[in-house]
Number of protein chains: 2
Amino acid sequence: MTPRVLLPWSDLTVPDGLETACYDGTGTPPALDGVEFYVLPYDSGPEPPKLIAKMPSLKAVQSLSAGVDSLLPLIPDGVTLANGRGLHDLSVAEHTLALILAAQRNLPRWFRQQGTGSWDREHTRSLADERVLLVGYGSIGKAIERYLVAGEADVVRVASTAREGVHGIDELPELLPSADMLMLILPDTPATRGLIGAPELAALPDGALVVNVGRGTAIDTEALTKEVVAGRLRAALDVVDPEPLPSDHPLWRAPGAIITPHVAGGSDSFYPRAKRLVEQQLQRFARGQPLVNVVR
Amino acid sequence: MTPRVLLPWSDLTVPDGLETACYDGTGTPPALDGVEFYVLPYDSGPEPPKLIAKMPSLKAVQSLSAGVDSLLPLIPDGVTLANGRGLHDLSVAEHTLALILAAQRNLPRWFRQQGTGSWDREHTRSLADERVLLVGYGSIGKAIERYLVAGEADVVRVASTAREGVHGIDELPELLPSADMLMLILPDTPATRGLIGAPELAALPDGALVVNVGRGTAIDTEALTKEVVAGRLRAALDVVDPEPLPSDHPLWRAPGAIITPHVAGGSDSFYPRAKRLVEQQLQRFARGQPLVNVVR
């Protein structure tokens with residue numbers, strides 16, 4: 001019997017010898033018997049993963065997310081799980097730049113003024129020459145760094161363990177007082193939870209910008225809110241703790257705060273990269289080669 | 001007699017053998033006799049240039065602007081005029097990125113939502129993979145390009161004359177139909193005035209973003225307004241024609257328009273670069289070496 005692959009898109013280049021069916025997460029799924037390779041539709045809620053249990057021939061599941069912890073219990077023994085590591089890097093980096101440039105170049109002010117047709121002008125801050133503590137030096141951190149280098153910012157790399165050219169997270173207390181921006185790109189783990197609390201924020205100089213595009217739990221939201229509402233620190237956040245941030249939370253309307261609702265990863269740059277990954281994985285699958293991005 | 005230099009800042013490193021005085025464009029200027037080198041205060045209105053006529057010993061004038069056409073008639077014969085070419089490049093590039101990322105990543109929407117504390121989410125456009133026609137490939141264009149390359153955009157260079165890797169402006173008609181962004185970084189000259197009119201805008205695909213950070217006169221404002229108000233094109237503009245844009249002009253409130261009031265050059269990145277240039281020029285002046293950035 002021809003191996004079947006279940007894909008969220010119908011416009012992929014698929015190797016000969018594979019029979020494809022399409023399921024984008026909406027409507028009734030096609031027949032599931034004979035499906036050996038299942039590419040989960042992206043960000044489509046709890047239904048698509050439930051189909052895994054109904055695929056007796058399944059050999060591999062491809063997720064398009066980087067984090068797959070909630071999927072693991074659903075993957076039968078002997079089935080390979082691959083994730084979407086890297087697919088969101090550039091989208092997150094882009095949104096991060098949008099946030100920090102908006103903060104430095106005062107975009108909220110100009111957008112407000114636009115509503116009244118006012119030509120009032122003002123000198124702004126800049127990104128150039130700013131000392132940016134880049135905390136979390138994985139693939140997203142590196143994509144952000146390429147932008148920061150183009151903009152002549154002064155990048156200071158920080159990761160969980162020190163290595164050549166990268167400070168260890170334990171050096172943070174000495175690094176905070178000279179930072180113009182503290183940028184967090186950290187996953188949610190026991191080690192990162194609450195990493196930035198009142199003492200760390202207090203160590204930042206007046207006017208510093210706190211940026212979070214990793215997971216909201218890395219920052220003590222109440223401590224940050226206090227500093228931003230007081231006008232001592234500024235914030236540019238795509239993630240917060242909790243999410244959604246309650247609509248009456250004072251951080252929403254603090255003057256130096258920019259908040260977007262966890263949208264850094266969701267942009268057009270994702271789909272071409274996701275499709276390229278899936279096409280490459282199908283080639284490997286058809287040839288019996290090991291997949292990449294394998295989680296287990 | 002010791003040569004005197006008149007500077008807008010009092011914190012520069014000045015070579016031995018030069019006597020300095022400070023004039024930042026406000027208040028009463030110091031004595032002007034004996035002033036041989038005059039650094040004009042930046043963006044300080046018409047008064048500072050008038051002092052040039054009162055400096056009998058003057059040898060050189062340093063402007064901190066790139067465009068010095070209005071100064072030329074005030075410079076006596078035999079006096080050198082140097083400009084601020086390059087000092088604003090990075091500031092303009094940064095603001096350009098802020099504008100296009102704001103447009104692609106829907107920042108106006110998120111900022112409006114922030115006012116109501118709403119967590120509504122939406123997939124956005126991206127900068128990655130977008131085909132950007134970079135029209136005007138001077139030092140600002142190159143600074144923008146470094147950012148665009150970091151963001152994996154597809155840059156198509158266009159300048160007044162074709163050369164290796166750069167299209168000529170006469171190729172614009174063939175290039176417009178495949179452009180996701182048309183980015184103009186052009187000075188105001190007879191050749192650039194009205195370069196982008198109704199036919200050029202009509203050649204752009206639906207949803208394309210028109211970006212202007214050079215001079216407003218390069219675009220026919222009414223033709224652009226028609227396309228943006230109709231929702232066919234989007235716009236991100238730091239310069240318009242005329243400036244200020246009248247407060248009741250329909251472009252201000254067109255849904256796909258982002259407008260800032262000609263502030264791309266005015267940010268903190270300017271001053272450190274301006275001070276470095278002036279310090280280097282003073283070294284050259286003290287040693288009798290030719291200045292750089294000489295206009296005449």
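Sequence lines set the chain letters: A, B, ... in the order given, protein chains first and strands last, and positions in each chain run from 1. Bear in mind that the values here come from a model prediction, so they are computed numbers and not experimental data.
- For the pair Ala128(B) and Glu94(A), the tightest heavy-atom approach, listed with the atom from each and the gap, is N-OE2, 2.8 Å.
- Of the atoms belonging to Glu130(B), not a single heavy atom falls under 4.5 Å from chain A.
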Worked check of salt bridge (Lys or Arg N to Asp or Glu O under 4.0 Å) between Arg105(B) and Asp268(A) = CA-CA 10 Å; Arg105(B) 303 305 298 246; Asp268(A) 285 351; over 6 Å; no

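- Within the model, atoms CZ of Arg112(B) and CZ of Arg112(A) stand 13.5 Å from one another, a figure rounded to the nearest 0.5 Å.
- Exactly one residue among Ser247(A), Pro246(A), Pro261(A) makes a side chain to side chain contact (heavy atoms under 4.5 Å, CB included) with Trp119(B). That residue is Pro261(A).
- Heavy atoms of Ser118(B) lying under 4.5 Å from chain A belong exclusively to its backbone.
- Ala150(A) and Leu90(B) get closest at one heavy-atom pair: O-CD1, 4.2 Å.
- In this structure, CG on Leu101(B) lies 9.5 Å from CG on Leu99(A), to the nearest 0.5 angstrom.
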ask   = What's the verdict on side chain to side chain contact (heavy atoms under 4.5 Å, CB included) for His123(A) and Tyr271(B), showing C-alpha distance, side-chain angles and the deciding distance?
value = CA-CA 11 Å; His123(A) 189 90; Tyr271(B) 289 101; 3.1 Å; yes

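- For the atom pair CD1 (Ile258(A)) and CH2 (Trp110(B)), the distance works out to 14.0 Å, reported to the nearest 0.5 Å.
- In this structure, the portion of Arg273(A) lying under 4.5 Å from any heavy atom of chain B is its side chain and not its backbone.
- Pro272(B) and Asp129(A) get closest at one heavy-atom pair: CG-OD2, 3.7 Å.
- With rounding to the nearest 0.5 Å, the separation of OG in Ser267(A) from CG in Asn106(B) is 11.5 Å.
- Proximity to chain B is limited to the backbone of Asp120(A), based on heavy atoms less than 4.5 angstrom apart.
- At a 4.5 Å heavy-atom cutoff, His249(B) makes no contact with chain A through either its backbone or its side chain.
- Note on Gly115(A), Ser269(A), Gly266(A), Ala102(A): by heavy-atom pairs under 4.5 Å with chain B, the leading option is Gly266(A).
- Contacts between Tyr147(A) and chain B at a heavy-atom distance below 4.5 Å involve backbone atoms as well as side-chain atoms.
- Heavy-atom pairs under 4.5 Å with chain A were tallied for Arg253(B), Arg146(B), Arg109(B); the largest tally goes to Arg253(B).
- Per-residue heavy-atom pair counts under 4.5 Å with chain B were compared for His262(A), Glu122(A), Gln104(A), Glu145(A), and the maximum is reached by His262(A).
- Interface remark: of the candidates Phe270(A), Trp252(A), Phe111(A), Trp252(A) forms the most heavy-atom pairs closer than 4.5 Å to chain B.
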task = Begin from the C-alpha positions of Arg121(A) and Glu243(B) and carry the test salt bridge (Lys or Arg N to Asp or Glu O under 4.0 Å) through to its verdict.
result = CA-CA 12 Å; Arg121(A) 301 170 70 204; Glu243(B) 287 181 14; over 6 Å; no

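- Atom CZ of Arg234(B) has more than 12 heavy atoms from other residues, nucleotides or ligands within 6.0 Å.
- Interface remark: Pro108(A) contributes backbone and side-chain atoms alike to the contact with chain B (heavy atom separation under 4.5 Å).
- The main-chain N or O of Ile259(B) is never found under 3.5 Å from a side-chain atom of Gln113(A) such that the two would form a donor-acceptor pair.
- With rounding to the nearest 0.5 Å, the separation of NE2 in His95(A) from CG in Leu127(B) is 14.0 Å.
- Among Leu245(A), Leu148(A), Leu251(A), the residue with the largest count of heavy-atom pairs under 4.5 Å with chain B is Leu245(A).
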